[in-house]
Chemist: 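What follows is a structure written as structure tokens; I'll ask about it next.
Here is how names work: the chains are called A, B, and so on, in the same order as the sequence lines, proteins then strands, and each is numbered from 1.
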2 protein chains.
Amino acid sequence: MKKPARRSPREGQTRIVREEESEETRRLILQVAQQLFMEYGYRAVTTRQIADACGLTQPALYHYFADKEALYLAMAREELARLKGVLERIARRSEPVSERLRRLASYLLTTTRHDLALMLHDIRYELSAEVRAQLHTLFEESLIAPIAAVFNEGLEQGLLRSPSEGGVDARMAAYLFMSLMSRFVVWGRETLPAVAENRRETLASEQAALLVRVLLYGLAR
Amino acid sequence: MKKPARRSPREGQTRIVREEESEETRRLILQVAQQLFMEYGYRAVTTRQIADACGLTQPALYHYFADKEALYLAMAREELARLKGVLERIARRSEPVSERLRRLASYLLTTTRHDLALMLHDIRYELSAEVRAQLHTLFEESLIAPIAAVFNEGLEQGLLRSPSEGGVDARMAAYLFMSLMSRFVVWGRETLPAVAENRRETLASEQAALLVRVLLYGLAR
DNA sequence: CCTACCGATCGGTAGG
DNA sequence: CCTACCGATCGGTAGG
């Protein structure tokens, strides 16, 4: 076993620099935690894995975060805040509803390769009641609300069927939209012949267009 | 902590009875493992939890299964075989394609309250390569194939758009169908006011109809 | 941010 | 020799 490359703090540095380094380390931990937690789930990722990937010892994490759950919470808050910003920006574009939905789908498929349903599972089963409640609300506000806003425009413009016409409300539409971003579709794609890395974005864009087309117009002739 | 009620084997029983009891216990373990693994995931369920729920000690499990993974594999094989039987039976009914899709959705929503995407995650991330390959194939044959068969009929009957007409092939349709059965939709339902237990089946049936309607005809007016 | 550890619990196996 | 387990403990790992 090789020792991981460790960042070597030199003596005599000013307080400012140390604070910057400390903040830098904190951000590194959050980024590594995001990649691991979002792909493998809360339970499967150990604090030592995260520490190792950061070039730190495992106890060092507890200088930055109270415990494993606090680290997950901080990661999730940051991730959801980031998502919220991007999704709201797309939702406000002056483009047709269907085009904005395509952009939302494409973004979710390219950037979050992991399944957000796994995050839902973790929120529901692996975290304490308080954190669960917090993230539950945040999930709704950051992910569902921006998507529902676009569907709501579609309903107001008369492009979509209202619930009384056999359609669904905007929030339900957003959940259906998110469900189509799930592991099943991604998994189906993985069974296709291996795809060159540089074609991934194109594929995601094509798949986004397909998913939105299906959701809007259905499979029937 | 109370001692779990333990089945008390009496002396003087014949070999046949003992074999029956052994088989009975094995089936009990599989049933309990199914409930726990399917709801919480491979990692989160301990062998002691399973044993406790069966009224056995944890080492007793190792008389029936070589290890935790072998137990998961046996459980998954049985569960998928059961699903395959029911889904194929529904798929062969002499009813319109849309009606059969509704029945498939309703069945999946009522019986498997857990998210099958969780099983996909476990297959992908928690199990060894050999078990993963086995379950991957079985998953496709047991779940996707029967659903795809119904969509294929829809395509042959000209009810559904073919890929060249902007539609999707039967297998892709099956994946889209399964993705709509996911945690997101179920979770959305949980946020509704609490529902009486005896209305659950009705709800699932209504939700199944809604999901199939959306998948076939889309949200657009 | 490290080394040296803890209480507990994990999956799995020993002898009886 | 078999079955259906038990009490105790194995090597490792969890969060702290």
Chemist: Choosing from D/dG16, D/dC5, C/dC10, which nucleotide comes nearest the side chain of B/Y64?
Modeler: D/dC5
Chemist: Any chance you could measure B/R77, atom CZ, to B/L138, atom CG, to the nearest 0.5 Å?
Modeler: 5.5 Å
Chemist: Considering just the side-chain nitrogens and oxygens of B/Y62, establish if one lies under 4.0 Å of OP1 or OP2 belonging to C/dT13.
Modeler: no
Chemist: Starting from P on D/dG15, measure out to CD1 on A/I50 and report it in whole angstrom.
Modeler: 8 Å
Chemist: I want to verify a distance call: between C/dG11, D/dG15, D/dG16, whose nearest atom is closest to the A/D67 side chain?
Modeler: D/dG16
Chemist: I want to verify a distance call: between C/dC10, D/dT3, C/dC1, whose nearest atom is closest to the B/H63 side chain?
Modeler: D/dT3
Chemist: Please compare A/R43 and A/P59 by the position of their nearest nucleotide in DNA chain C and report the one closer to 5'.
Modeler: A/P59
Chemist: Choose from C/dG11, C/dC1, D/dC5 the nucleotide whose nearest atom is closest to any side-chain atom of A/L56.
Modeler: C/dC1
Chemist: Are A/Y125 and B/E39 linked by a side-chain donor-acceptor pair shorter than 3.5 Å?
Modeler: yes
Chemist: Starting at atom CD of B/E69, determine the distance to atom C1' of C/dC10, rounded to an integer number of angstrom.
Modeler: 16 Å
Chemist: Check the distance between C/dA8's P and B/Q49's CD and give it to me in whole angstrom.
Modeler: 18 Å
Chemist: Less than 4.0 angstrom between a side-chain N/O of B/T46 and OP1 or OP2 of C/dT9, yes or no?
Modeler: no
Chemist: So, is A/T57 near the phosphate of C/dC1, with a side-chain N or O under 4.0 Å from OP1 or OP2?
Modeler: no
Chemist: Can you find a pair of side-chain heavy atoms, one from A/Y64 and one from A/L30, that are under 4.5 Å apart?
Modeler: no
Chemist: Check whether the side chains of B/Y40 and B/Q49 place a donor and an acceptor atom closer than 3.5 Å, and report yes or no.
Modeler: no
